[in-house]
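Structure record follows, encoded as structure tokens.
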Amino acid sequence: MNSFATIFATSALALMLVLSHVPASEAQLSPPTFYDRTCPNALATIRTSIRQAVSRERRMAGSLIRLHFHDCFVQGCDASILLDETATIRSEKTAFPNVDSVRGYEVIEAAKTQVERICPGVVSCADILTLAARDASVAVGGPTWNVRLGRRDSTTANRDQANRDLPGPDSTLQRLIDSFGIKNNLTPRDMVALSGAHTLGLAQCSSFRTRIYSNGTNIDPGFATTRRRTCPQTGGNGNLAPLDLVTPNSFDNNYFRNLVQRRGLLQSDQVLLSGGSTDSIVTEYSTTPRTFAADFATAMIKMSEIEPVTGQNGIIRRICTAVN
């Protein structure tokens with residue numbers, strides 16, 4: 001069993017303690033057994049669908065975690081990011097931080113389709129997306145965690161909030177702390193742990209060009225030279241590079257080890273170790289992967305419970321891209 005997965009096979013008590021201290025607004029969610037009677041095979045069906053998607057393309061694991069993050073940071077974890085543009089909905093898909101960048105929509109829709117076949121109108125897209133992020137982590141050797149369920153789907157999206165509230169690749173440390181903390185109740189430690197999701201996936205040249213041509217003191221010159229080979233000063237905006245140059249398809253702590261070596265790809269990565277208040281957290285995670293894995297799971301639980309739509313609010317969409 002992968003070492004990160006082993007950690008969480010014995011950490012039920014820690015997760016129970018986390019769940020016992022969530023704010024009242026989040027306590028409306030139900031235990032992971034929520035669908036046991038109404039759709040007993042839902043979680044297994046979703047897990048299989050996600051594993052198959054990641055097996056086809058390992059990069060998809062990081063994409064699904066990011067999709068979940070971009071959903072939760074805009075009017076809560078309500079699957080609003082999945083809604084297509086209509087006459088009355090300004091889709092978040094076309095917000096600047098998401099357009100031609102966020103991926104995995106079709107993977108969530110495929111999982112939804114499979115669940116609808118066995119339990120029509122029971123399982124929300126919001127719960128599927130939340131479970132998908134957890135299952136994607138496990139599929140590439142990352143930690144698992146308990147997911148409380150019972151989210152319902154929004155009937156609206158908020159492109160303006162997506163443009164305003166989602167941090168960008170050039171964010172300062174204070175911007176990151178504020179983005180995670182002011183509205184979303186995530187601590188700087190949570191923020192650093194969640195940034196560790198960049199141990200997976202790829203980024204486009206346009207998101208790191210300024211950094212690799214800055215000739216700054218916070219980037220390793222050899223690393224900058226390597227990245228310039230596939231990211232010219234003009235053109236090639238969509239050219240890709242791994243966020244973790246060592247093991248971009250496996251969940252581990254090499255992302256933080258890269259930061260120590262001044263090899264963070266994005267400026268918003270390297271600012272986590274730049275003489276500021278989060279330096280000690282990065283250093284700790286770079287040397288203690290077990291601590292990073294545990295903190296990542298805890299932070300994912302907290303993030304997944306930002307402003308859920310529950311009870312009689314919202315709907316259960318039949319397809320994730322449109323309101324019923």
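Side chains are part of it too, since the values below use all heavy atoms of this structure and drop only hydrogens, waters and symmetry mates.
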Quiz prompt | Hydrophobic cluster membership, I301 vs L43, 4.5 Å side-chain cutoff | solution = yes
Quiz item: Quick one: does F73's side chain get under 4.5 Å of M303's, heavy atoms only?
Solution: yes
Exercise. Tell me, please, which residues at least two apart from E85 pass salt bridge (Lys or Arg N to Asp or Glu O under 4.0 Å).
Key: R159
Quiz item: Do S124 and I316 have side chains that get closer than 4.5 Å, going by heavy atoms?
Solution: yes
Quiz item: Quick check: does any side chain N or O of R152 sit under 3.5 Å from a backbone N or O of N313, one acting as donor and the other as acceptor?
Solution: yes
Quiz item: Rounded to the nearest 0.5 Å, what separation is found between the CD1 atom of I65 and the CG atom of L129?
Solution: 11.0 Å
Quiz item: side-chain hydrogen bond (donor to acceptor under 3.5 Å, both in side chains) with D178: which residues, sequence neighbours excluded?
Solution: Q174
Practice problem: Scan side-chain atoms only and decide if T130 and D127 contain a donor-acceptor pair under the 3.5 Å cut-off. | Solution: no
Self-check item: Closest heavy-atom pair and its distance - A111, I128
Solution: CB-CG2, 4.0 Å
Exercise. Could you check if a side-chain atom of S277 sits within less than 4.5 angstrom of a side-chain atom of I177, using non-hydrogen atoms only?
Key: yes
Quiz item: Rounded to the nearest 0.5 Å, what separation is found between the CG atom of N146 and the OG1 atom of T33?
Solution: 10.5 Å
Quiz item: What residues, two or more places apart in sequence or in another chain, satisfy ring-ring contact (aromatic ring centres under 6.0 Å, His included) together with F208?
Solution: none
Quiz item: Under the disulfide (SG to SG under 2.5 Å) rule, what pairs show up with a residue in residues 42-104, not counting sequence neighbours?
Solution: C72-C77
Exercise. Can you tell me which residue pairs pass the disulfide (SG to SG under 2.5 Å) test with a partner in residues 113-154, sequence neighbours excluded?
Key: C39-C119, C125-C320
Practice problem: Using the side chain to side chain contact (heavy atoms under 4.5 Å, CB included) rule, take E305 and R151 through it: C-alpha gap first, then chi angles, then the decisive distance, then the call. | Solution: CA-CA 9 Å; E305 300 185 357; R151 295 166 191 79; 4.2 Å; yes
Practice problem: Test D84 against K93 for side chain to side chain contact (heavy atoms under 4.5 Å, CB included), laying out the working first. | Solution: CA-CA 7 Å; D84 283 341; K93 293 180 180 180; 2.5 Å; yes
Quiz item: Side-chain heavy atoms under 4.5 angstrom apart, residues restricted to Ile, Leu, Val, Met, Phe, Trp, Tyr: same cluster for V282 and I219?
Solution: no
Exercise. Any pair with a residue in residues 274-284 that passes salt bridge (charged side-chain N to carboxylate O under 4.0 Å, His left out), sequence neighbours left out, goes on the list, sorted by first then second residue, please.
Key: R189-E284
Quiz item: Going by atom types only, do E92 and S80 share a side-chain donor-acceptor pair under 3.5 Å?
Solution: yes
Throw together a table of side-chain donor-acceptor distances under 3.5 angstrom for residues 132-140, partners on residues two or more places apart or in other chains.
unit_1, atom_1, unit_2, atom_2, d
R134, NH1, W145, O, 2.7
S137, OG, P143, O, 2.8

Practice problem: Using only heavy-atom distances, determine whether the side chains of T247 and N254 contain a donor-acceptor pair under 3.5 Å. | Solution: yes
Quiz item: Is R209 reaching over with its side chain to a backbone N or O of C231, donor-acceptor style, under 3.5 angstrom?
Solution: no
Quiz item: Below 4.5 Å, heavy atoms only, C-beta onward: do Q28 and P308 meet side chain to side chain?
Solution: no
Quiz item: Taking the side chain from Q161 and the backbone from Q75, do they hold a donor-acceptor pair closer than 3.5 Å?
Solution: yes
Exercise. List the steps and the verdict of side chain to side chain contact (heavy atoms under 4.5 Å, CB included) for N185 and I306.
Key: CA-CA 8 Å; N185 201 35; I306 296 172; over 6 Å; no
Quiz item: Transitively linked via ILVMFWY side-chain contacts under 4.5 Å: I108 with I89?
Solution: no
Name the atoms and distances for all side-chain donor-acceptor pairs under 3.5 Å in residues 264-271, with sequence neighbours left out.
unit_1, atom_1, unit_2, atom_2, d
S268, OG, P169, O, 3.2
D269, OD1, H198, ND1, 2.8
D269, OD1, Y255, OH, 2.8
D269, OD2, L266, N, 3.3
Q270, OE1, R211, NH2, 3.3
Q270, OE1, G264, N, 3.0
Q270, NE2, L259, O, 3.0

Quiz item: When rounded to the nearest 0.5 angstrom, what distance separates CG in D165 from CG in D160?
Solution: 10.5 Å
Practice problem: Please answer whether the main-chain N or O of L200 pairs with a side-chain N or O of D244 as donor and acceptor at a distance below 3.5 Å. | Solution: no
Quiz item: In the single-linkage hydrophobic clustering (I, L, V, M, F, W, Y; side-chain heavy atoms under 4.5 Å), do I118 and V122 co-cluster?
Solution: no
Quiz item: Any idea which heavy atoms bring T283 and L273 closest together, and the distance?
Solution: OG1-CD1, 4.1 Å
Practice problem: Can you establish whether the number of heavy atoms outside N237 located under 6.0 Å from its atom CG is more than 12? | Solution: yes
Quiz item: Of all heavy-atom pairs between M300 and L194, which one has the smallest distance, and what is that distance?
Solution: SD-CD2, 3.5 Å
Quiz item: Is it the case that R317 and S154 place a side-chain donor and acceptor less than 3.5 Å from each other?
Solution: yes
Quiz item: Could you state the interatomic distance from CG (L243) to CG (N258), rounded to the nearest 0.5 Å?
Solution: 10.0 Å
Practice problem: Kindly determine whether S179 and R175 satisfy side chain to side chain donor-acceptor pair (under 3.5 Å), including the steps that lead there. | Solution: CA-CA 6 Å; S179 294; R175 160 74 166 141; 2.8 Å; yes
Exercise. Would you please test T287 and V260 for side chain to side chain contact (heavy atoms under 4.5 Å, CB included) and show each step?
Key: CA-CA 10 Å; T287 58; V260 171; over 6 Å; no
Practice problem: Taking the side chain as every heavy atom from C-beta outward, state whether Y285 and D295 have any atom pair closer than 4.5 Å. | Solution: yes
Quiz item: Can you tell me how far the OG1 atom of T321 sits from the NZ atom of K112, to the nearest 0.5 Å?
Solution: 11.0 Å
Exercise. Flag the pair L67 / V107 as yes when at least one side-chain heavy-atom distance between them is below 4.5 Å, and no otherwise.
Key: no
Practice problem: Return the minimal non-hydrogen interatomic distance between F223 and D220, and the atom names on each side. | Solution: N-OD2, 2.9 Å
Quiz item: Would a distance-only check, ignoring hydrogens and angles, find a side-chain to backbone donor-acceptor pair under 3.5 Å from D190 to A299?
Solution: no
Quiz prompt | With sequence neighbours excluded, residues passing salt bridge (Lys or Arg N to Asp or Glu O under 4.0 Å) with E106 | solution = none
Practice problem: Just grab all the disulfide (SG to SG under 2.5 Å) pairs involving residues 233-317, residues at least two apart or on different chains. | Solution: none
Quiz item: Taking the side chain as C-beta and beyond, is there a heavy-atom pair between V74 and L166 under 4.5 Å?
Solution: yes
Exercise. Using the six-membered ring wherever Trp is involved, compare the ring planes of F256 and F292 and label them parallel, tilted or perpendicular (cut-offs 30° and 60°).
Key: perpendicular
Exercise. Would you list the pairs meeting side chain to side chain donor-acceptor pair (under 3.5 Å) in which at least one residue belongs to residues 47-59, sequence neighbours left out?
Key: E57-R103
Exercise. Would you indicate whether the side-chain heavy atoms of M191 and L186 approach each other to under 4.5 Å?
Key: no
Quiz item: In Å, rounded to the nearest 0.5 Å, how long is the span from OG1 of T45 to OH of Y35?
Solution: 13.0 Å
Exercise. With T199 as reference, evaluate D252, N253, N249 under the side-chain hydrogen bond (donor to acceptor under 3.5 Å, both in side chains) test and give the passing residue.
Key: D252
Self-check item: Sequence neighbours excluded, every pair satisfying disulfide (SG to SG under 2.5 Å) that has a member inside residues 274-318
Solution: none
